[in-house]
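Worksheet for the structure shown next.
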Amino acid sequence: MRRSFFWRLFVSYVVAFFFVGTLAATVLATAIRTQMTSKREKEFMNEAQYIATMCPKGVLGDKLSTAIVQELKSTAWRFQAIIWLVSDGGAMYVVSPQNGFEQQIISDEQVEEIFSLYQEVKAKGKLLQKGNFPYFTEPVIMVAQSFRDAEGKQGAVFIHMPQREFALLNNQSLSAWIASIHWIMAVSVAAGVIISLALALYITRPVKQMTSVVRELSRGHFEQRVTFTRRDELGVLADGINAMAEDLAKLDRARSSFVAAVSHELRSPLTSIRGFVQAVRDGVVTDEEKDEYLDIVLSESQRLGRLIESLLDLARIESGAFPLEKADITAGAVFKPVVDALGVRAQEKQVSLVVDPQGMEIALVADSERMQQVVYNLVDNAIRYSPEGGTITLAAHREHEGVILSVSDEGPGISADMQGQMFNDFATDNTARTPGSGMGLGLSIARRIVLQHGGTIRAANRAQGGCEVTVFLPLAK
């Protein structure tokens, strides 16, 4: 069974909390053990120092005061330690929990032998060592403290405690701390599980919602949106998904409008052709009307062919199968073929095509055939909406680092509703301009070709009336 992102994230957090908690507990226990060991050793040393402070008054030759004897017994019992009290006078007192208090008279040589084991006591006055020492069968912890007795003779107190007893005494004090640490660790792990669950939900809930929205978008439900708001990377991703959804919705609406417009444009000529052909076939028209109907059928079939060719051009441009063959050309090389091709049509409508000669030699880098197609569509559109006796002017001039190609007419201009839609697919202005036979694809194709050249195209109403379309293209280098 595939594990979910939530499960993986939750387990990762729990493992992380457990690892950190265990590490922290181990470090804390080690620190407490070290601290308690140091404290116990200090208490051990303080006890030796306390006994040493009693010696100047309590040790006189081979005699000990009752107070010192009681203190030695108490210390030996409390620490389960063996205590030596040695003086230069030749006396050695041994106190142990098992044998109690014993007095032994030893020679000076024996005293020096004992002191030779602990040379640092003479140099430093006190000593703390751990390990194996003579006279002991197991490792001990030893503290030593020097003193002067009532006669001014040197002596020393040695307290030997088996490390096993020292560790046992230390562990008894440490056990309460260890139990507390275990409880703290258990509570921390439980809190970590709860926090891990909250963090996993905090991260995965938005991810699940975004996954659901993307899945719905892939099914064509472009109205879906991510609803949560966050100021982090997930919030940025959510905004991106919503923006993508909005773009897809716009694209879907444009596609629907495009399909509807294409269907309408295809249906209109086909309906005309079907009607007129049916009339001719049924023999309900005269010979004179037959020729007129056939001319209409021819005109509609040509219109249908132009529509199909325009749709193919759009498809090639959008798919990238519309390569440009740029070359150094002049503005005149773009305008002249267009004027020659549309001259007859302009005369039929009694519209004058005027080319401004001043900019004809301006050079630019462009695909000659495609730029002729752009200007052809602009001039064709201008002829369609120009009144009889109107003038269409083609001009070119330099501007900054580029060339401006312009086509202006004396028609009714662009209505307010069409200002931002003139270069859209199937955009036709049926308010300010006289309806014609245009399909609304010529300017859209022109805009795409200009954009392929890295240029821009704009349309605006002229102050003296009419419309002017300008194309900006880079200068030839």
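- The closest side-chain heavy-atom distance from Arg274 to Thr271 is below 4.5 Å.
- Summarising the geometry, atom CD belonging to Glu468 is positioned 6.5 Å from atom CZ belonging to Arg462; distances are rounded to the nearest 0.5 Å.
- Residues Ile445 and Gln373 are in side-chain contact: their nearest non-hydrogen atoms beyond the backbone lie under 4.5 Å apart.
- Residues meeting the salt bridge (charged side-chain N to carboxylate O under 4.0 Å, His left out) test with Glu410, sequence neighbours left out: none.
- In this view, Phe44 and Phe79 satisfy the ring pair (Phe, Tyr, Trp, His ring centres under 6.0 Å) rule, not counting sequence neighbours.
- For Arg281, the side chain to side chain donor-acceptor pair (under 3.5 Å) criterion is met by no residue, not counting sequence neighbours.
- Within the model, atoms CD1 of Ile404 and CD1 of Ile362 stand 10.0 Å from one another, a figure rounded to the nearest 0.5 Å.
- To the nearest 0.5 Å, atoms CD (Glu292) and CG (Asp295) are separated by 8.0 Å.
- Contact record, Gly332 with Pro337: O-CD, 4.3 Å, taken as the closest heavy-atom pair.
- Under the 4.5 Å side-chain criterion, counting only non-hydrogen atoms from C-beta, Ser301 is in contact with Ile273.
- A pairwise comparison of heavy atoms in Ala460 and Ile414 identifies N-CD1, 4.2 Å as the closest pair.
- Side-chain atoms of Met161 and Val140, non-hydrogen and from C-beta on, never get closer than 4.5 Å to each other.
- Side chains of Arg370 and His453 form a contact here, defined as non-hydrogen atoms less than 4.5 Å apart.
- Just one of Val374, Asn377, Val471, Ile457 meets the side chain to side chain contact (heavy atoms under 4.5 Å, CB included) condition when paired with Arg447; it is Ile457.
- With no hydrogens or angles considered, no side-chain donor-acceptor pair links Glu361 and Thr330 at under 3.5 Å.
- Residues satisfying the side chain to side chain donor-acceptor pair (under 3.5 Å) criterion with Lys336, sequence neighbours excluded, are Asp340.
- Taking 4.5 Å as the limit, every side-chain heavy atom of Arg215 sits out of range of all side-chain heavy atoms of Gln224.
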Could you walk me through whether His397 and Val403 pass the side chain to side chain contact (heavy atoms under 4.5 Å, CB included) test, one step at a time?
-> CA-CA 6 Å; His397 63 274; Val403 174; over 6 Å; no

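- Residue-environment remark: CD (Glu401) stays at or below the threshold of 12 foreign heavy atoms within 6.0 Å.
- Side-chain contact check for Leu342 versus Val338: some heavy-atom pair is nearer than 4.5 Å.
- Put simply, the side chain of Leu405 reaches to within 4.5 Å of the side chain of Leu473, judged on heavy atoms.
- In this structure a side-chain-to-backbone donor-acceptor pair under 3.5 Å is missing from Asp252 to Leu248.
- When all heavy atoms of Met371 and Ala366 are compared, the pair lying nearest together is CG-CB, 3.5 Å.
- Listed by first and then second residue, the ring-ring contact (aromatic ring centres under 6.0 Å, His included) pairs involving residues 272-291 are Phe276-Tyr293 (not counting sequence neighbours).
- The side chain to side chain donor-acceptor pair (under 3.5 Å) test applied to Asp380 returns Arg345, Arg384, not counting sequence neighbours.
- When the side chain to side chain contact (heavy atoms under 4.5 Å, CB included) test is applied to Thr456, the partners found at least two apart in sequence or on another chain are Arg458, Phe472.
- By the side chain to side chain contact (heavy atoms under 4.5 Å, CB included) test, Met360 is found to be paired with Phe335, Val355, residues two or more places apart in sequence or in another chain being considered.
- In this structure Glu138 satisfies the side chain to side chain contact (heavy atoms under 4.5 Å, CB included) test together with Pro162, Arg164, sequence neighbours excluded.
- To the nearest 0.5 Å, atoms CD (Gln145) and CD (Glu47) are separated by 12.0 Å.
- The two residues Gly411 and Pro387 come nearest to each other via the heavy atoms CA-CD, 3.8 Å.
- We find the CG-SG distance between Asn461 and Cys467 to be 6.0 Å, quoted to the nearest 0.5 Å.
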Side chain to side chain contact (heavy atoms under 4.5 Å, CB included) between Val407 and Thr393, intermediate numbers included | CA-CA 6 Å; Val407 176; Thr393 304; over 6 Å; no

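- Evaluation of the side chain to side chain donor-acceptor pair (under 3.5 Å) rule for Glu246 yields Arg225 as partners, not counting sequence neighbours.
- When all heavy atoms of Leu217 and Ala245 are compared, the closest pair comes out as CD2-CB, 3.7 Å.
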From CA spacing to verdict: side chain to side chain contact (heavy atoms under 4.5 Å, CB included), Val339, Leu394 | CA-CA 9 Å; Val339 173; Leu394 288 73; 4.3 Å; yes

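- Heavy-atom contacts from other residues, nucleotides or ligands closer than 6.0 Å to CD of Glu399 number more than 12.
- Distance alone, capped at 3.5 Å, places no donor-acceptor pair between the Asp409 side chain and the Ile392 backbone.
- With hydrogens and angles ignored, the 3.5 Å screen pairs a side-chain donor or acceptor of Lys349 with a backbone N or O of Ser386.
- For Ile194, there are no side chain to side chain contact (heavy atoms under 4.5 Å, CB included) partners two or more places apart in sequence or in a different chain.
- Of the possible donor and acceptor atoms, none in the side chain of Asp328 sits under 3.5 Å from a partner among the backbone N and O of Val365.
- Between the side chains of Ser212 and Glu216, no donor N or O sits under 3.5 Å from an acceptor N or O.
- Annotation: salt bridge (charged side-chain N to carboxylate O under 4.0 Å, His left out) contacts of Glu369 (sequence neighbours excluded): none.
- Open room surrounds CD on Gln358; 12 or fewer heavy atoms of other groups in view lie less than 6.0 Å from it.
- Contact between Ala396 and Ala331 at its shortest, heavy atoms only, is CB-CB, 3.6 Å.
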